Amino acid sequence: MSAWNAAGTWEERGHTDWARARLEALLCVEHDGFIVADAAAAGFVGGGDDEGGDVRARVTSVKSCEGDASVVMIRGKPKHGFDFELKLDWSATFACDGGASGDDDEDSDGDTPSAIKVKGTIVVPEASRDVAEDEECYFEVKVDDRKPEHKAKEDMCVKVLKAHGEAFLVKALKTLDAELRERASS
């Protein structure tokens, strides 16, 4: 509490810079940014010969993070919150022709030689404390530079991201919420 607020009636402390950096770490670094799914087991296989295998999607960067995070002291009691709009860059590898998407024989981009790489953006219009508490996170998945010859694989990557991305995002937001609560208490 600040010296000017000795009565402890109301004071707000910004934590936006910390929260932005922490979100980037949670989404891109600490969990290695990976969402992995066995496409066949997840029921995403149509019938074409070019489908099946594993899809490995990775959040590669936080393209933008608009919003704020703060701790408000009201009558000596801390209340914390955050509300961001996120745009995340992602890439996915689709192991095809029986190739595994493991760490063996990876090239410098982390792809297996038989993998097709797909890139895009995930837009999260509301990444907030409420979303973390409700454990429901709405987001849109977009593919950059679609190629007709990779349509099935691009669609597969989008389906896997939509199916498994929510749990990944909610986990990061819950961690941010818990850590901001801890900062509010100290």
Side-chain angles (χ1 to χ4, degrees), residues 1-37 42 55-93 109-111 117-145 154 157-186:
M1 202 118 17
S2 297
W4 64 267
N5 191 14
T9 54
W10 186 87
E11 181 176 344
E12 182 174 3
R13 291 180 280 155
H15 291 267
T16 302
D17 291 340
W18 168 84
R20 284 181 179 149
R22 191 66 185 118
L23 269 174
E24 186 163 6
L26 289 168
L27 294 170
C28 301
V29 179
E30 289 188 17
H31 304 292
D32 204 16
F34 273 106
I35 301 166
V36 179
V55 177
R56 297 174 16 150
R58 183 177 193 276
V59 174
T60 57
S61 70
V62 176
K63 191 174 194 174
S64 70
C65 181
E66 302 296 325
D68 59 17
S70 63
V71 173
V72 177
M73 297 294 285
I74 302 172
R75 302 200 189 286
K77 295 184 182 186
K79 306 255 187 226
H80 69 285
F82 60 92
D83 189 5
F84 292 103
E85 179 179 328
L86 303 173
K87 289 184 184 171
L88 311 171
D89 286 329
W90 64 270
S91 68
T93 55
D109 290 335
D111 298 333
K117 191 164 192 169
V118 181
K119 294 182 179 183
T121 305
I122 298 172
V123 177
V124 184
E126 181 185 359
S128 67
R129 185 170 180 226
D130 291 339
V131 168
E133 287 178 353
D134 294 344
E135 296 185 5
E136 293 180 1
C137 185
Y138 172 78
F139 61 97
E140 296 176 15
V141 179
K142 299 176 183 177
V143 176
D144 296 341
D145 302 322
E154 292 167 346
C157 292
V158 169
K159 286 180 184 179
V160 167
L161 280 166
K162 285 183 177 180
H164 299 278
E166 182 177 42
F168 177 76
L169 293 167
V170 166
K171 182 178 179 180
L173 295 177
K174 288 180 95 169
T175 301
L176 181 71
D177 183 49
E179 291 178 7
L180 185 57
R181 181 182 311 117
E182 179 76 24
R183 290 174 68 93
S185 298
S186 55

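Remember, it's a predicted structure, so these values are computed and weren't measured experimentally. What's counted below: heavy atoms across the whole structure, side chains too, no hydrogens, waters or symmetry copies.
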Checklist entry - Under the side-chain contact (heavy atoms from CB on, under 4.5 Å) criterion, do Leu23 and Cys65 qualify, and how do the steps go? => result CA-CA 9 Å; Leu23 269 174; Cys65 181; 4.1 Å; yes
Checklist entry - Under the side-chain contact (heavy atoms from CB on, under 4.5 Å) criterion, do Phe84 and Thr16 qualify, and how do the steps go? => result CA-CA 10 Å; Phe84 292 103; Thr16 302; 4.1 Å; yes
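For Arg129, the salt bridge (charged side-chain N to carboxylate O under 4.0 Å, His left out) criterion is met by Glu133, Asp177, not counting sequence neighbours. Remark: Ser128 engages Asp83, Glu126, Asp130, Val131 in a side chain to side chain contact (heavy atoms under 4.5 Å, CB included) (not counting sequence neighbours).
Put simply, the side chain of His15 does not reach to within 4.5 Å of the side chain of Phe82, judged on heavy atoms. Taking the side chain as every heavy atom from C-beta outward, Leu169 and Val124 approach each other to under 4.5 Å.
A salt bridge links Glu135 with Lys174: at least one charged nitrogen is closer than 4.0 Å to a carboxylate oxygen.
Considering CG of Leu173 and CD of Glu166, their distance stands at 10.5 Å, rounded to 0.5 Å. In this structure, NZ on Lys171 lies 11.5 Å from CG on Leu27, to the nearest 0.5 angstrom. How far SG of Cys137 is from CG of Leu86: 8.0 Å, rounded to the nearest 0.5 Å. With rounding to the nearest 0.5 Å, the separation of CZ in Phe168 from CG in Leu26 is 8.5 Å. Between the CG atom of Leu176 and the CZ atom of Arg181 there is a distance of 10.5 Å, given to the nearest 0.5 Å. Remark: Arg58 CZ to Lys117 NZ distance equals 9.0 Å, nearest 0.5 Å.
For the residue pair Asp89 and Ser61, a side-chain donor N or O sits within less than 3.5 Å of a side-chain acceptor on the partner.
Listed here is the closest heavy atom pair of Glu136 and Val170: N-CG2, 4.1 Å. Considering every non-hydrogen atom in both Ala69 and Leu180, the closest pair reads CB-CD2, 4.3 Å. Heavy-atom minimum distance, Lys119 versus Ser91: CG-CB, 3.9 Å.
Formation of a donor-acceptor pair under 3.5 Å by the Trp90 side chain with backbone atoms of Val118 is not found in this model.
Atom CG of Asp134 has more than 12 heavy atoms from other residues, nucleotides or ligands within 6.0 Å.
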